[in-house]
Amino acid sequence: MDKFLQALREDFRLEANELLANIELSLIELEQGLSEDTRQSLTEEIYRSTHSLKGAARSVNYPLIEQLCMSLEEVWKKLKNGEMELQSSMYSLFHQSLDLLRLLVDNSERSDAVARTEAMCSAIAGIEIQTKPKLMGLLDVDEHELQLHHAQQSQEIILPQEEIPVDQSASASEESMPKQRLQRDDTETVRVSLKRLNHLLTLAEELASGNSSVTFVSEELEKVFSGLSISANIHENDVRALVKRRLHEASKSINRLAGLLENHAHELRLMTDELIYNLKQTLMFPASELFAVLPRMVRDIAAESGKQIELVLQGSEVTLDKRILEGLKDPLIHLVRNCIDHGLELPEQREAAGKLAKGKLVVKMHINAEGKAALVVSDDGRGIDTKALRRKAVDKGLITPEAADSMSESDALRLIFKSGVSTSQMVSRISGHGLGMSIVADKVAALTGSIDTNTDQGRGTRFTITLPRMLALFKGIRVRTAGRQFLIPTSSIQKAMRVQRNKLFFPAARPCLSFDGKQLPVLSLDAVLGVQRSPGADQLDIFNVLIVNAGAQLVALVVDDVLGEEEGVIKPFDEGLGANRFFSGVLVPGDASMVPVLKPGLLASQESVASKSIAEKKVIRLLIAEDSLTVRNMLRTMLELAGFAVTTAVNGIEALQMSQRETFDAVVSDIEMPGMNGFELTKRLRSMPAFENLPIILVTSLESDDDRRRGMEAGASAYIVKSNFEQGNLIETINRLVV
C-alpha cells in the first residue's frame, strides 16, 4: 500500500471512531423523549456526522463504509426533513449498523464484509413508518467478535443489542451528558498543543545545554588530575615542594569545580522534573473518555434486565493521567454492572417500595480536598444486605460463624470484595459469579488507590474509588523477609511500627491487630509469597509490621526488617514471561540490585486463600440432564476436558433416579425435556432434604423474565441462557457454586 494512503487511513481511523462515538451518544440521547428542538438538533448532528464519515471513507478508498454510510444518510435525511418518523423499533438496527461500521473501520477486507454490508444496507432501505426491521442472519454482528474488536480498540465491553421500548431504556440526563465528544484513542495517538510542544522542546534544549556544562566540568577535572603527574626527571629535592604546590592548586580547582557541579546538578534536576511534569501533562485526558462506554452499555443491560435506568454522568471535564483512565475502565464497568444487577430493582418492585419506576445511576468524577481523583458510582436501589454477605462468606469458608457475628458493618461490607462472595440468588451472564468486585479491588490497588463502600438498606449504595490523578515516579519501602528483599509501594503503606506478640488477638483462630479502632488481619509476607520462613521467626516477641492498604481493606503485614525508602522507575517483566501474580515488576536501586515490587492487592486475596493444596482438591462430580444427544455430548466433552467427572441422563426422570443412587456435587439441566422438565426436576430435588443445598444449574434457550423467575422459584442456583452461552461461563459458574 502507498505510504501516503496508509498514513491517511491511520488518520481516518481516528476520525471515524470519533464520529461513530458521537453518533452513538446522540442516538442514545434521542431515545429519552426530549423536546422537539433537542431531537431536531440531535438528528441534524447524526446526519452531519454520517455525511462526514461517508466523505472521509471515500477519500481513503473504503467503498463498503461509504456504501453503508450512504444508506444511513438517506434515512437520517428523511428523518431530519420530517419525511419519516423515528420509531423505537429502529434503534436496534441503527446500533447494529454502528457496530458493523466499527468492524469495517478496523478491517474492511474481511471475507464476509461485502455480504454483511449489503444485508445491512438492504435492511436500512426497508425502514418504513410503523415498520419493524427484521434483524436476522448477516445483520447480526457476532458478539464475541465485537467484544474482541473493542478489547483491541478501547477495552470496552459491548452487550447484545435488543430492541426495547423508549420508556424502558436507560437514559442519560441531558445536562449530565458529556458536552465535548472525545476522540477514541485507537492508535495510541494523542493531540498535543503547539505551545506545549514548543515548551517541551525548550526544556530539551536546556537539558542539552546542562549536559554541555557537566562535560566542561569533567574535562576540567581531567586537566586537574593530569596536572598532578610529576616527571621522573625532576630532582628528588624538588619533588616535595612541587607536590605541595600542585596539591594546593588542585584543591582550589576541585573546590571551584565542585561548586559548579553542584549548581549544574541542581539545575538539571529542576529541568528534568519540569520536563517529566510537562510530558505527563500531555497524557492528561478528561474523564469523559472513561465515561464514553457507559451510555450504550447501560442501555443494553437495561434492555436485557427489563429495568428502567436514568444514567447521570458528572465531572466529565476532570482530567486524569491516561494510564489511570485506562486502569479504571474495568473497575468502572464492574461497578456499574453490579449496581444495575444487584442494586436497582425492577420497575414494579420500585413502585411497590414507594419509589419512582425508573432507577437512578450516578457516575461522578471530582477532585477531593487532598487533590486526589475520586470516582463515585452510586444508585438509589435496594442497598447491600450485609447479613447475606456474612452468610455467604461463612458458607464459602472465608470466615467462621463467630467471626461473622462479631464483625462490624464496615468489615462486613468489605466482604463484597472477596472472590466468590455474591448476594445474588441467581448466576446470570451479567453478574452473580462473585468475581467482579474482587477484580475491582485488585485493579484499584494496582493503581495505588483505595475503594470505600457505603450503603443504606432500601435506599441505595455508593462506591468511592480514590486514587492519584497522575502516576508519579515510583517510591517504595524496601523490606527484607526470609533473607530476600522486596519493595512495597509507599502510597499503599499507612504506618510502620513494632508490635509485641501479646498485642495480637485470635478471633476465629486467625491473628488480628487493633489499629484505629479496626480489626486488621495479620499476614506474614513470607507466608503470602510461599517462601521458607526465617529461622526463629515464630519465636520472636516483637514484630516489624506495616499497615498496608490492599485496595478494599487494610492488612497488617509482618516482615523481618524495614530497610528504608527507594525511588525510581519500575521495569515491567518481559512479555514472554507473562503477568506475575505477586509482582508488578522490578526496581534497580543505586546498588544495582534488582528488587521485586509487590502488588498490594494480592494481600487481600491471600488472606482468604484456603489452606488445602491443589493435590488435595477433590474431583467434582456432575450430573447432566439433557435430551438432545448433540448438546449432551458437547457438554460432557467440554466439562470432562475441564477436569470434571460427568454422568449424563436423557431427561429429568432418569436424572432424578440417578441422583438417588449416586452422589453428585452439582446438577446441570436443560429445561425443555420429555417426561420431566428442568423446573420439575429442580422442584423434586429441592423437596428432599439430601438435595436442599445441591447446586442446580439450568442451561436453557428460554430467555424470558418469567422463565428466570420460575427457575428461581423452583430453587435453581444459576440460570444460563444458551443464546449467550460461553464455555467459560458454565465452568466458572460450577466452580463458584461447588468449590
Side-chain angles (χ1 to χ4, degrees), residues 441-442 445-446 448 450 473-516 518-573 577 580-611 613:
D442 291 343
T448 67
S450 61
L473 193 67
F474 174 80
K475 291 183 179 180
I477 299 299
R478 194 167 180 174
V479 301
R480 182 190 292 116
T481 194
R484 307 181 190 186
Q485 294 187 18
F486 307 97
L487 279 164
I488 302 171
T490 302
S491 58
S492 298
I493 298 176
Q494 287 206 4
K495 190 173 183 179
M497 54 182 161
R498 306 258 296 166
V499 176
Q500 293 182 338
R501 180 182 292 273
N502 59 15
K503 296 296 183 180
L504 304 181
F505 55 98
F506 298 83
R510 292 184 178 181
C512 287
L513 176 68
S514 180
F515 177 78
D516 281 353
K518 301 176 182 177
Q519 295 182 7
L520 307 186
V522 177
L523 307 178
S524 176
L525 181 56
D526 47 24
V528 170
L529 299 177
V531 298
Q532 186 174 0
R533 300 202 69 182
S534 303
D538 293 325
Q539 283 72 48
L540 293 175
D541 291 326
I542 299 179
F543 306 104
N544 292 305
V545 174
L546 298 175
I547 306 301
V548 181
N549 187 335
Q553 71 176 97
L554 295 176
V555 299
L557 186 67
V558 177
V559 298
D560 291 346
D561 296 294
V562 178
L563 305 177
E565 189 174 47
E566 297 284 355
E567 183 179 84
V569 178
I570 298 178
K571 297 183 180 296
F573 292 107
L577 299 175
N580 188 285
R581 176 187 175 193
F582 294 109
F583 307 109
S584 56
V586 296
L587 186 123
V588 183
D591 59 8
S593 60
M594 296 181 66
V595 186
V597 178
L598 191 74
K599 295 178 182 176
L602 77 93
L603 301 175
S605 60
Q606 287 297 108
E607 193 262 329
S608 59
V609 169
S611 59
S613 67

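Here, residue 1 is the first one in the sequence, and each next residue gets the next number. Not measured: the values here are computed from a predicted model.
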Student: Could you measure the distance from the CZ atom of Arg478 to the CG atom of Leu563? Nearest 0.5 Å is fine.
Tutor: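 The distance works out to 6.5 Å.
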
Student: Quick one: does Glu566's side chain get under 4.5 Å of Leu587's, heavy atoms only?
Tutor: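 Glu566 vs Leu587: side chains touch.
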
Student: Answer yes or no: is there a side-chain heavy-atom contact under 4.5 Å between Phe543 and Arg498?
Tutor: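 Not touching, per the 4.5 Å side-chain cut-off.
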
Student: Pick out which of Asn544, Val522, Val545 makes a side-chain contact (heavy atoms from CB on, under 4.5 Å) with Val499.
Tutor: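 The option that passes is Val545.
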
Student: If you define the side chain from C-beta out and look only at heavy atoms, does anything of Val555 sit under 4.5 Å from Leu520?
Tutor: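 Not touching, per the 4.5 Å side-chain cut-off.
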
Student: How close do Asp526 and Ala482 get, heavy atom to heavy atom, and via which atoms?
Tutor: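 Smallest heavy-atom distance, with atoms named: CB-CB, 4.3 Å.
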
Student: Is there a side-chain contact between Ile477 and Val562 in this structure, where contact means two heavy atoms from C-beta onward sitting under 4.5 Å apart?
Tutor: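 Yes, at least one pair of side-chain atoms sits under 4.5 Å.
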
Student: Supply the atom-to-atom distance Ser492 OG to Ile547 CD1, rounded to the nearest 0.5 angstrom.
Tutor: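 Ser492 OG to Ile547 CD1: 13.0 Å, rounded to 0.5 Å.
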
Student: Measure across Asn549 and Ser450 and return the closest heavy-atom pair with its distance rounded to 0.1 Å.
Tutor: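 Minimum heavy-atom contact is ND2-CB, 3.3 Å.
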
Student: For the side-chain contact (heavy atoms from CB on, under 4.5 Å) test, which of Val548, Leu557, Leu546 pairs with Leu525?
Tutor: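 With Leu525 as partner, side-chain contact (heavy atoms from CB on, under 4.5 Å) holds for just one option, Leu557.
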
Student: Walk me through whether Val479 and Ile488 qualify under side-chain contact (heavy atoms from CB on, under 4.5 Å).
Tutor: CA-CA 8 Å; Val479 301; Ile488 302 171; 4.3 Å; yes

Student: For a quick test of reading the model, state the closest non-hydrogen atom pair linking Phe486 to Thr481 and the distance between them.
Tutor: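 In this case the closest contact between Phe486 and Thr481 is CE1-CG2, 3.5 Å.
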
Student: Quick check: closest heavy atoms across Lys503 and Leu513, and the distance to 0.1 Å?
Tutor: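 Reported closest heavy-atom pair: O-CD1, 4.2 Å.
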
Student: With a 4.5 Å limit on heavy-atom distance, are the side chains of Pro600 and Pro489 in contact?
Tutor: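 Yes - at least one pair of side-chain heavy atoms lies under 4.5 Å apart.
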
Student: Would you tell me whether Glu565 and Thr490 have side-chain atoms, one donor and one acceptor, within less than 3.5 Å of each other?
Tutor: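 The criterion, which ignores hydrogens and geometry beyond distance, is satisfied for Thr490 and Glu565.
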
Student: Kindly indicate, with the supporting measurements, whether the criterion side-chain contact (heavy atoms from CB on, under 4.5 Å) is fulfilled by Gln494 and Phe515.
Tutor: CA-CA 11 Å; Gln494 287 206 4; Phe515 177 78; 3.9 Å; yes

Student: Heavy atoms only: give me the nearest Gln485-Val595 pair and the separation to one decimal.
Tutor: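 Smallest heavy-atom distance, with atoms named: O-CG1, 3.7 Å.
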
